[in-house]
Amino acid sequence: MSKKKNEKVNEEKEIKEEVTKEEKAEEEVNPLEKELADTKEQLLRITAEYANFRKRSEKEKSETFSFATAKTVGELLPVIDNLERALSNEQEDYEGLKKGVQMTYDGLMATLEKLGVTAYGESGEQFDPNFHNAVMHIEDEELETNVITDVFQKGYKINDKVVRPAMVKTAN
């Protein structure tokens, strides 16, 4: 029986050693699981923060666009009022109508200037493909090379950004 007892004791020792090994392994895994859980939580928070940031940015962009549009329209309304007054005038006075249209044009150009829009493209200027669109070309020995001879449509820019290039005729 002692042999059986020894075997039983050895089995119990082996079982205890396995249990101890498993407990040690669990102790090693638990901090890793905790670290993994913490990392997942951080990732979820960062993802949520980024989603909120993206929504906030889109909202701000939309509000900025709406504000800029409202400001632009508000600046143009007096010009529209002047045109409505001119159209409602029953008089057949050509000079009066011409004067009214000129005043409306001047008001519109002043409004555009307030908004940072400037017109460009005059005869005699040097041709620049960044600002001008040459639609015709002539040969004239009396004129310099790449000089603008006629402007068919003025160009407009806001600060340094071209809104519409000037449509021009160039020489040489």
Side-chain angles (χ1 to χ4, degrees), residues 33-172:
E33 285 179 349
K34 185 176 186 296
E35 186 178 337
L36 177 63
D38 290 346
T39 304
K40 281 183 178 179
E41 185 178 332
Q42 281 180 327
L43 182 61
L44 286 174
R45 285 178 188 236
I46 290 171
T47 304
E49 285 176 15
Y50 179 70
N52 290 338
F53 169 76
R54 203 172 58 230
K55 288 177 187 175
R56 213 172 32 252
S57 295
E58 284 295 319
K59 184 180 176 187
E60 287 174 6
K61 188 167 92 172
S62 175
E63 287 173 355
T64 300
F65 179 78
S66 294
F67 176 76
T69 302
K71 182 179 181 194
T72 302
V73 169
E75 293 290 334
L76 291 173
L77 288 177
V79 176
I80 293 170
D81 293 339
N82 288 338
L83 286 170
E84 286 176 344
R85 279 193 285 277
L87 290 172
S88 70
N89 191 353
E90 299 279 331
Q91 296 178 5
E92 294 182 15
D93 178 18
Y94 174 75
E95 288 301 316
L97 180 62
K98 184 177 176 182
K99 183 180 176 185
V101 169
Q102 183 63 47
M103 289 172 59
T104 303
Y105 173 79
D106 293 342
L108 178 59
M109 294 311 290
T111 299
L112 289 176
E113 191 173 312
K114 254 200 281 188
L115 294 171
V117 178
T118 55
Y120 66 91
E122 298 291 328
S123 294
E125 286 181 1
Q126 197 65 24
F127 175 77
D128 182 350
N130 296 317
F131 296 102
H132 305 103
N133 181 16
V135 293
M136 292 179 74
H137 180 78
I138 61 167
E139 294 293 329
D140 189 344
E141 296 300 321
E142 296 176 12
L143 297 172
E144 296 177 27
T145 304
N146 284 335
V147 69
I148 296 172
T149 59
D150 289 313
V151 177
F152 301 116
Q153 199 174 54
K154 285 186 177 182
Y156 291 90
K157 60 184 178 177
I158 297 176
N159 302 321
D160 291 332
K161 182 176 175 18
V162 174
V163 176
R164 180 181 79 186
M167 192 182 312
V168 299
K169 181 189 335 183
T170 60
N172 304 328

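Position 1 is the first residue of the sequence, and the numbers go up from there. Nothing here was measured: the structure is a model prediction, and the numbers come from that model.
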Given the rule in the side-chain contact (heavy atoms from CB on, under 4.5 Å) test, do Leu43 and Thr47 qualify, once you have shown the distances and angles that lead to the verdict? CA-CA 6 Å; Leu43 182 61; Thr47 304; 4.2 Å; yes
Run the numbers on Gln126 and Asn146 for side-chain contact (heavy atoms from CB on, under 4.5 Å), then give the verdict. CA-CA 6 Å; Gln126 197 65 24; Asn146 284 335; 3.5 Å; yes
What are the two closest non-hydrogen atoms of Ala166 and Gly121, and how far apart are they? CB-CA, 4.2 Å
Please report the closest heavy-atom contact between Leu143 and Ala171, naming both atoms and the distance. CD1-CB, 3.7 Å
What side-chain donor-acceptor pairs closer than 3.5 Å can you find for residues 56-66, not counting sequence neighbours?
from: Ser57; atom 1: OG; to: Phe53; atom 2: O; distance (Å): 3.0
from: Thr64; atom 1: OG1; to: Glu60; atom 2: O; distance (Å): 2.8
from: Ser66; atom 1: OG; to: Ser62; atom 2: O; distance (Å): 3.1

I'd like to know whether [atom1] of [X] has more than 12 heavy-atom contacts from other residues, nucleotides or ligands below 6.0 angstrom.
{"X": "Met103", "atom1": "CE", "answer": "no"}
{"X": "Phe152", "atom1": "CZ", "answer": "yes"}
{"X": "Glu113", "atom1": "CD", "answer": "no"}

Kindly indicate, with the supporting measurements, whether the criterion side-chain contact (heavy atoms from CB on, under 4.5 Å) is fulfilled by Lys157 and Arg164. CA-CA 7 Å; Lys157 60 184 178 177; Arg164 180 181 79 186; over 6 Å; no
How long is the span from the [atom1] atom in [X] to the [atom2] atom in [Y], to the nearest 0.5 Å?
{"X": "Leu77", "Y": "Thr111", "atom1": "CG", "atom2": "OG1", "value": "10.0 Å"}
{"X": "Thr118", "Y": "Leu112", "atom1": "OG1", "atom2": "CG", "value": "10.0 Å"}
{"X": "Lys114", "Y": "Leu76", "atom1": "NZ", "atom2": "CG", "value": "10.0 Å"}
{"X": "Lys99", "Y": "Leu97", "atom1": "NZ", "atom2": "CG", "value": "12.5 Å"}
{"X": "Asn133", "Y": "Met167", "atom1": "CG", "atom2": "CE", "value": "6.0 Å"}
{"X": "Thr104", "Y": "Met109", "atom1": "OG1", "atom2": "CE", "value": "13.5 Å"}

Verdict with supporting geometry, Glu41 and Arg45, salt bridge (Lys or Arg N to Asp or Glu O under 4.0 Å): CA-CA 6 Å; Glu41 185 178 332; Arg45 285 178 188 236; 2.9 Å; yes
Looking just at side-chain N and O atoms, do Gln102 and Asp106 make a donor-acceptor pair shorter than 3.5 Å? yes
Lys71/Glu75 ion pair, N-O < 4.0 Å: no
Taking the basic N atoms (NZ, or NE/NH1/NH2) and the acidic carboxylate oxygens, is any pair closer than 4.0 Å for Asp81 and Arg85? no
Matching residue for Phe127 among Thr149, Asn172, Val168 - test: side chain to side chain contact (heavy atoms under 4.5 Å, CB included): Val168
Are the side chain of Asn159 and the backbone N or O of Lys161 linked by a donor-acceptor pair below 3.5 Å? no
Hey, mind stepping through Ile148 and His132 against side-chain contact (heavy atoms from CB on, under 4.5 Å) and telling me if it holds? CA-CA 9 Å; Ile148 296 172; His132 305 103; 3.5 Å; yes
Phe131 and Tyr120 aromatic centres sub-6.0 Å: yes
